[in-house]
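Here is the structure we will look at.
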Amino acid sequence: MLDIHQLRTNLDAVIERLAERGYAFDREAFLLLEAERKQFQGRAQDLQAARNAHAKKIGQAKARGEDAAPLLAEAAAINGELGDLEGKAADVQLRLHEFLSIIPNLPHESVPSGRNADDNVEVRRHGAPRSFDFAPRDHVDVGAGLGMLDFETAAKLAGARFSVMRGGVARLHRAIAQFMLDTHTEQHGYTEVYVPYMVSGECANGVSSLAKFKDDLFKIEGRDLYLIPTAEYPVTNFVRDEILAADSLPLKFVCHSPCFRSEAGAYGKDTRGMIRQHQFDKVELVQIVEPEQSYLGHEELTAHAEAILKMLELPYRTMVLCTGDMGFSSAKTYDIEVWLPAQNAYREISSCSNFEAFQARRMQARFRREKGKPELAHTLNGSGLAVGRTLVAILENYQNADGSVTIPPVLRPYMGGVEKLSRP
RNA sequence: GGAGAGGUGGCAGAGUGGUCGAAUGCACCGGACUCGAAAUCCGGCAUACGGAAACGUAUCGUGGGUUCGAAUCCCACCCUCUCCGCCA
């Protein structure tokens with residue numbers, strides 16, 4: 001959520017920056033809501049003051065044994081008008097809040113302007129795509145060839161966009177997650193956390209806009225619970241409604257979890273294989289930081305995600321998303337894209353964002369410096385990395401002509417020393 | 001699933017219809033004393049919104065209700081704890 005003070009004092013500038021990311025701010029509606037709010041709130045507060053004063057006088061009169069009847073009559077008149085106004089004031093507050101809660105974050109000044117993914121800008125590239133002396137197969141064929149990746153059985157169990165893994169590939173999938181968790185906890189200073197895989201609507205609304213994106217989530221029938229689309233949802237909400245001590249920051253959490261996404265609106269997109277699934281595993285990095293540290297933290301967090309790809313020796317490039325391609329809550333986002341030889345393209349494997357105070361304001365996540373007022377914290381997160389897509393990248397980049405797949409050296413300790421997956 | 005207890009400020013904990021946004025203690029901040037520290041003493045110390053300010057309004061788990069007036073009474077819900085049952 002944006003700071004309403006910013007809208008009151010700098011409306012034109014805010015409208016302009018929102019337009020850059022393709023959001024058409026309804027100026028008239030906002031000004032009307034504000035005018036109504038001022039009118040109803042001011043009048044209601046005056047009447048409340050009068051009511052409180054009368055109540056006090058009545059109490060004093062009764063204590064002295066005087067007749068309170070005239071005061072009671074006046075109080076009744078005030079309450080008649082007040083009931084109506086309080087309702088109107090509450091209603092306009094609610095509408096104002098709804099209006100604000102679906103406005104996306106402002107892009108940071110370092111974010112390039114642009115309309116869509118075509119306007120994203122590459123900031124760096126690491127590793128050279130391997131040249132194959134045979135036609136590389138995609139991960140579906142590699143996995144099926146090994147007899148370890150099975151989409152037919154998955155479809156029988158749950159329909160499209162699910163997968164079943166067996167044997168070495170299932171173990172490799174687990175090894176990838178273990179390796180990432182160990183690296184981030186032992187080398188990057190994150191605390192491992194285990195969390196609920198469902199969260200309340202309030203938590204969902206803290207990190208994003210439930211009103212806007214509820215169709216992307218799986219909801220538990222008859223309950224106010226949603227399957228998490230990323231561990232960001234539960235982990236960032238650790239600090240909801242908290243006032244943290246400044247010296248406890250930064251908080252750095254790493255969480256391995258499954259992620260559930262309805263992929264509504266993605267029909268026909270990436271239907272083959274496990275690139276886009278209703279359920280996938282991800283190792284998520286979350287940081288809660290002081291405002292002046294957030295851009296430094298963002299660079300570090302992105303580097304932590306990139307470090308995994310370097311250790312796995314997978315070629316990647318890092319893109320800064322343009323204003324038009326960023327997510328709802330983000331002020332700045334880097335996407336890390338891994339090389340997939342079968343697609344002859346770089347594909348997203350991580351997304352690292354700085355949300356500044358946008359989520360913190362929605363969640364009321366604050367911290368207090370020495371003898372200061374509570375201030376909103378800044379929140380950051382990024383995939384470090386998507387486990388399913390990392391598996392895809394390994395199957396494709398490390399495949400051999402005979403159909404076997406070499407295990408990247410850093411994963412071998414997690415594979416009981418196995419160096420290669422072959423058809424049993 | 002059954003029975004009971006409870007949710008008040010950073011923490012602990014009073015308050016059961018009216019000068020209560022809330023005693024007291026701890027923590028914290030400022031000051032006095034001291035060469036300095038400790039101890040002691042004095043003062044300050046919730047959040048949000050509106051207002052230039054004075055100040056006003058709201059908030060005692062959440063939402064309704066009763067009342068001129070609710071932390072306090074009533075109803076519903078949520079959460080925590082204890083006991084019994086069941087269970088991975």
Side-chain angles (χ1 to χ4, degrees), chain A residues 1-9 11 30-101 194-206 210 220 222-226 234 237-249 251 288 290 357-377:
Chain A
M1 196 147 69
L2 297 181
D3 182 1
I4 192 160
H5 293 116
Q6 218 178 345
L7 289 168
R8 287 176 187 150
T9 54
L11 185 57
F30 174 70
L31 293 176
L32 187 67
L33 277 170
E34 267 290 278
E36 280 187 77
R37 196 212 82 228
K38 271 185 197 166
Q39 186 196 335
F40 293 137
Q41 185 177 336
R43 183 79 186 121
Q45 288 190 358
D46 288 347
L47 285 169
Q48 283 169 335
R51 178 201 60 196
N52 291 347
H54 269 77
K56 199 167 269 187
K57 280 191 211 160
I58 290 166
Q60 288 165 345
K62 286 196 167 174
R64 288 194 298 263
E66 295 168 7
D67 177 21
L71 285 168
L72 284 169
E74 283 176 39
I78 290 168
N79 276 348
E81 195 182 345
L82 183 58
D84 179 47
L85 263 164
E86 279 183 328
K88 282 180 176 161
D91 176 63
V92 75
Q93 287 285 8
L94 189 69
R95 281 185 289 138
L96 192 58
H97 188 264
E98 281 171 1
F99 181 89
L100 290 173
S101 71
Y194 171 87
V195 299
Y197 298 154
M198 305 173 206
V199 295
S200 67
E202 196 177 357
C203 287
N205 212 42
L210 189 57
I220 305 300
R223 308 265 324 240
D224 178 36
L225 285 175
Y226 298 82
N237 274 286
F238 278 19
V239 295
R240 182 160 58 90
D241 288 323
E242 295 287 335
I243 299 175
L244 307 157
D247 61 17
S248 70
L249 301 179
L251 296 175
I288 313 295
E290 295 181 47
F358 189 85
Q359 294 181 326
R361 191 172 293 109
R362 299 174 83 92
M363 291 188 297
Q364 284 301 295
R366 296 173 293 177
F367 73 101
R368 196 196 301 270
R369 301 180 208 263
E370 281 292 310
K371 66 176 174 178
K373 287 259 175 197
E375 300 172 56
L376 293 169

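Just so it is clear: chains get the letters A, B, ... in the order the sequence lines come, proteins before strands, and each one is counted from 1. The structure presented is a predicted model; accordingly, all values stated were derived computationally and were not measured.
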Check the interface with nucleotides 73-80 of chain B: list each N/O to N/O pair with the protein under 3.5 Å, or write none.
none

Restricting to nitrogen or oxygen on both sides, can you table the protein-nucleotides 15-17 of chain B pairs closer than 3.5 Å?
none

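Taking A:Q364 as the reference, nothing meets the side-chain hydrogen bond (donor to acceptor under 3.5 Å, both in side chains) condition, with sequence neighbours excluded. Partners of A:P374 by side chain to side chain contact (heavy atoms under 4.5 Å, CB included), not counting sequence neighbours, listed by chain and number: A:I243, A:R366, A:R368. Applying the side chain to side chain contact (heavy atoms under 4.5 Å, CB included) criterion to A:F238, with sequence neighbours excluded, gives A:V193, A:V195, A:F253. Remark: A:R361 engages no residue in a side-chain hydrogen bond (donor to acceptor under 3.5 Å, both in side chains) (not counting sequence neighbours). Remark: A:E202 engages A:R240 in a side-chain hydrogen bond (donor to acceptor under 3.5 Å, both in side chains) (not counting sequence neighbours). The salt bridge (Lys or Arg N to Asp or Glu O under 4.0 Å) check on A:E74 picks up nothing, with sequence neighbours excluded. Applying the side-chain hydrogen bond (donor to acceptor under 3.5 Å, both in side chains) test to A:D224 and every residue at least two apart in sequence or in another chain returns nothing.
Between A:R368 and the phosphate of B:A27, there is no side-chain N or O to OP1/OP2 separation shorter than 4.0 Å.
Residue-to-nucleotide proximity on RNA chain B shows that, of A:R37 and A:A44, the 5′-proximal contact is made by A:R37. Toward the 5′ end of RNA chain B lies the nearest nucleotide of A:R51, the other residue of the pair A:A76 and A:R51 mapping further downstream.
Atom pair A:D241:CG and B:G9:P shows a separation of 13 Å (rounding to whole Å applied).
Checking B:A58, B:C49, B:C68 against the side-chain heavy atoms of A:Q45 singles out B:C49 as nearest.
Near RNA chain B, defined here as any heavy-atom distance below 4.0 Å, there are no residues from residues 81-92 of chain A. Within residues 52-61 of chain A, the residues having any heavy atom under 4.0 Å from RNA chain B are, by residue number, A:N52, A:A55, A:I58, A:G59.
For RNA chain B, each stem of at least three Watson-Crick or G-U pairs (distances under 3.5 Å) is given as range with range: B:1-7 with B:78-84, B:10-12 with B:24-26, B:28-32 with B:40-44, B:46-50 with B:55-59, B:61-65 with B:73-77.
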